[in-house]
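Since the structure comes first, as structure tokens, the remarks are kept for the end.
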Amino acid sequence: MLDLTIETSQVHQQLIDSTDWNIIETEFDPTRLHHQETVFTLSNGYLGTRGSFEEGYPNDSSATMIHGVYDDVAIATTELVNCPNWLPFVVKVAGERFRMDSGEILNYERRLDMRLGIVSREVRWRSPAGHTLEFHFERFASLASQHFLAIRCQVTSVDFEGDIEVEVEFHPEPHTQGVKHWKTVKQGGLDNIIWLHSQTLHSAIELGMAAKLIVEGEEVAPVRVHQLEHHSPKLVTTLQVEPGKAVSLEKIITLYTSRETPTPAEAAMIRLVAAPSYSTLLAAHIAAWDGVWQESDVIIEGDRLAQLSVRYNLFQLLAVAPRYDDRVSIPPKTLSGFAYSGHIFWDTEIFILPLLIHTQPALARNLLNYRYHTLRGARRKAQEMGYKGAFYAWESASTGDEVTPRWVSDPNGKQVRIWCGDIEVHINTDVAYGAWQYWQTTGDDEWMRDYGAEIILDTAVFWESRVEWNNQRHCYDIRDVIGPDENHDRVDNNAFTNLLVQWHLQTALALLDWLEKSYPDEATQLAEKLNLEPQQLELWADISNRLYINHDVETGLIEQFEGFYNLEYVNFADYEPRTKSMQGLLGVEATSQKQILKQPDVLMLMYLLRDRFDSKTLQTNWDYYSPRTDHTYGSSLGPAVHAILACDINQPAEAYTHFTRAAMVDLADVRRNAHEGIHAASAGGVWQSAIFGFGGVRMTQFGPIACPNLPPSWTRLKFRLKWRNQSYEFDLTK
């Protein structure tokens, strides 16, 4: 069983030593290198950069990913690529390069200041030759001016007198998990500036990057360009130091792609030449973060671990949300790792969107507009599969066409068929649900008229052709699907899917009625565009009324899918202790024959449609399905949902266990896969569990109300929510 007290872990010590705004690492452990690279990721709504060291480290996994920069790849069709590295900053002391794996580390601290959006590092280092110096690095990706990045390095001599040499450059052609995606078109340097013009090999996205090196203060040290044939240019300077003397240097970087401008290299150069100082850029960046936190912070008193972990999860989502681009969305690993190829899943609408809808609605609108812009891809998918309307890709990239791999290799090299792209159809209702929730909360009628209605209605059209009439039962079936619980695929009448399809069709009819009354001309145009006929709308109503659900009226228990009750029950305690999922232990085929859930299915349905189920029904289904769910190593999407529902059935202590499992998933590497990147859906679920679970917030036609059920250790929960252009502040205490 997972030990959630984390009593002896380095993570726990970091949190004890920190303020409520700082993640602090006080000992460098090379065995945790890739995990910590994830933890110290910085993003700014345009790009994300993993927390690798400026000077590099053996076998590090440095990466910068930019929203929307995809390139072709085998199997996964397309992937978000590792972009040229802007970090390289090397200091040589009497010819010896400062590195964390060389010489002796006398003192070390790395800090992520979430309030300011800065990663910094303090190192006291003794070189192999015995020279002692102190290094202070700090860097940020500007939230105020998204094309600016900056690094400051201060070097202080303790006992060394002599020259230090500083080199800064780019790494122009990084690989993405062994796959090459970039070619260098041109590069060069002049005065104190270097520049790079690159292009992806298949998608032909161009990237332009420029950097300048500035020596701060009164130090007179010329910066020169150093370039050898077949090598990238570097900016180099030499400074003299003596004991007690500090020198400070700044690397300012500008970065553009052809997604924003047809001449990204030129744009980067022009912007860099006129760039403000490091201090000015930093001040604007801090001010931008201050504005974000004013609307989105969650204050918890009585539990510092909860406070810090909640802020960490919020920080990573608020940092990565695209601010000026509505043709991209947030991948399940944000921009912090390569897992899932940077594709877009239901994670965004169901788990991430609520935070933004209620605190940063403009950013929520950007994410939903991505779904509008990819409607054509969804229509192509539906047509190719023989269905009507729009069928959203289970995994989506630039165009909205399906990019889920059809086959992958298992650990033994055997090819396994992946069915999600074909039959995990609940994605359609997930997108529609996100669009509806945005509208209900913001009252943004114009967006619903111009964008949302088309999304909700055309995805509803899809269900006409996806359902099947069952003549024996006189009802409609939705057969051969995968629900959220992916341990069981190719099942019939999945309750999560069917009940949300029912909701979807009912909602579409209500929406069309509103549109006809409020915007009759637009309603007529949209009905013509989507070929909506009166008999279709009657069919929608009929389907929604007669979809098959195996719901025991007396007990309230809902069968997850047809035949679930016939599967073998498994007592998880028989397999403890374990460090992998039940599916990992038993295998895919064996798990599919047992009552082992990867994540809540029926229970998640009851959360999304909270108003449709009474507490008795929830309790009945909780008692049945919670013991059958792999809470520790199943899906990271599950614990936050369980935390919310545990609050609904008045079990705040159990809710806190689930909440902690979600809140610490990256900081404590709870699932032993944090090296792959941030768990974005879990991060969004953490916010929902704090607000809708412990805060007990419910949305009403008059605005949000709260009925708190705080964990035993919490003495206060304070947050703000937006509803219909008004801001509501909640200050909840015991």
Side-chain angles (χ1 to χ4, degrees), residues 322 325-329 344 348-349 353 357 361-393 396 398-402 425 427-467 500-545 724-725:
D325 189 347
D326 67 355
R327 293 180 179 271
V328 296
S329 189
I344 307 305
T348 311
E349 281 73 27
L353 206 58
I357 288 174
L363 303 187
R365 187 170 59 243
N366 281 346
L367 298 180
L368 287 166
N369 281 350
Y370 164 80
R371 292 298 192 181
Y372 179 80
H373 293 310
T374 53
L375 252 177
R376 286 185 180 179
R379 287 171 178 143
R380 282 191 293 270
K381 178 180 175 181
Q383 187 174 18
E384 288 166 4
M385 297 188 71
Y387 299 119
K388 296 180 180 179
F391 179 14
Y392 274 104
S396 176
S398 297
T399 64
D401 292 280
E402 185 62 72
V425 293
I427 181 65
N428 257 24
T429 63
D430 305 328
V431 174
Y433 185 90
W436 181 262
Q437 293 301 317
Y438 170 79
W439 183 47
Q440 292 297 292
T441 302
T442 64
D444 189 347
D445 290 350
E446 291 185 0
W447 181 84
M448 181 53 76
R449 177 195 68 195
D450 297 339
Y451 303 99
E454 190 169 346
I455 291 172
I456 292 173
L457 292 173
D458 213 19
T459 49
V461 170
F462 168 78
W463 297 118
E464 298 172 27
S465 53
R466 188 57 174 84
V467 301
L500 273 174
V501 169
Q502 182 186 71
W503 168 89
H504 189 171
L505 293 172
Q506 292 168 350
T507 298
L509 290 169
L511 172 62
L512 195 55
D513 184 59
W514 168 82
L515 197 63
E516 288 169 345
K517 291 176 180 175
S518 303
Y519 301 101
D521 292 343
E522 285 83 352
T524 300
Q525 292 169 11
L526 189 56
E528 289 177 359
K529 181 177 181 179
L530 303 183
N531 298 315
L532 296 180
E533 302 289 345
Q535 60 267 30
Q536 281 181 278
L537 306 183
E538 293 174 8
L539 178 59
W540 291 6
D542 190 51
I543 293 170
S544 68
N545 288 330
R724 307 287 172 94
N725 294 317

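Along the sequence shown, residues carry numbers from 1.
Taking OH from Tyr438 and CG from Leu353, the interatomic distance works out to 9.5 Å, rounded to the nearest 0.5 Å. Atom CZ of Arg380 and atom OG1 of Thr399 lie 5.5 Å apart (nearest 0.5 Å). The line from CG of Leu537 to CG of Asp542 is 12.5 Å long, rounded to the nearest 0.5 Å. Here Glu402 contributes atom CD and Glu384 contributes atom CD; the two are 10.0 Å apart, rounded to the nearest 0.5 Å. In this structure, OG on Ser518 lies 10.5 Å from CZ on Arg449, to the nearest 0.5 angstrom. The line from CD of Glu538 to CD1 of Ile543 is 12.0 Å long, rounded to the nearest 0.5 Å.
Counting non-hydrogen atoms of other residues, nucleotides and ligands closer than 6.0 Å to CZ of Arg724 gives a total above 12. Counting heavy-atom neighbours within 6.0 Å of Gln383 CD, excluding the residue itself, gives a total of 12 or less.
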Fill in: Verdict with reasoning, Leu532 to Trp540, per side chain to side chain contact (heavy atoms under 4.5 Å, CB included)
CA-CA 11 Å; Leu532 296 180; Trp540 291 6; 4.0 Å; yes
Discussion item. Working note: Leu511 + Trp439, criterion side chain to side chain contact (heavy atoms under 4.5 Å, CB included); need CA distance, chi angles, decisive distance, verdict.
Written reply: CA-CA 11 Å; Leu511 172 62; Trp439 183 47; 4.1 Å; yes
Item to complete: Starting from the C-alpha separation in whole Å, work towards a yes-or-no answer on side chain to side chain contact (heavy atoms under 4.5 Å, CB included) for Phe391 and Arg466.
Response: CA-CA 10 Å; Phe391 179 14; Arg466 188 57 174 84; 6.0 Å; no
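When all heavy atoms of Lys388 and Val461 are compared, the closest pair comes out as CB-CG1, 3.7 Å. The two residues Leu363 and Pro322 come nearest to each other via the heavy atoms CD2-O, 3.7 Å. When all heavy atoms are compared, the tightest approach of Ala435 to Leu368 is N-CD2, 3.8 Å. For the pair Leu457 and Ala508, the tightest heavy-atom approach, listed with the atom from each and the gap, is CD2-O, 3.6 Å. For Ala393 against Lys381, the heavy-atom pair with the smallest separation is CA-NZ, 3.8 Å. Closest heavy-atom contact between Ile344 and Arg371: CG2-NH2, 3.9 Å.
In this structure, Asn545 contributes its side chain and Ala541 its backbone to a donor-acceptor pair below 3.5 Å.
When the side-chain hydrogen bond (donor to acceptor under 3.5 Å, both in side chains) test is applied to Asn366, no partner is found at least two apart in sequence or on another chain.
Counting only residues at least two apart or in different chains, salt bridge (charged side-chain N to carboxylate O under 4.0 Å, His left out) contacts with residues 433-448 comprise Arg365-Asp444.
Ring geometry for Trp503 versus Trp436: interplanar angle over 60°, hence perpendicular rather than tilted (30 to 60°).
His504 pairs in a side chain to side chain donor-acceptor pair (under 3.5 Å) with only one of the listed residues (Thr459, Thr429, Asn428), which is Thr459.
Between the side chains of Thr348 and Tyr370, no donor-acceptor pair is found at a separation under 3.5 Å.
Taking 4.5 Å as the limit, every side-chain heavy atom of Tyr433 sits out of range of all side-chain heavy atoms of Glu349.
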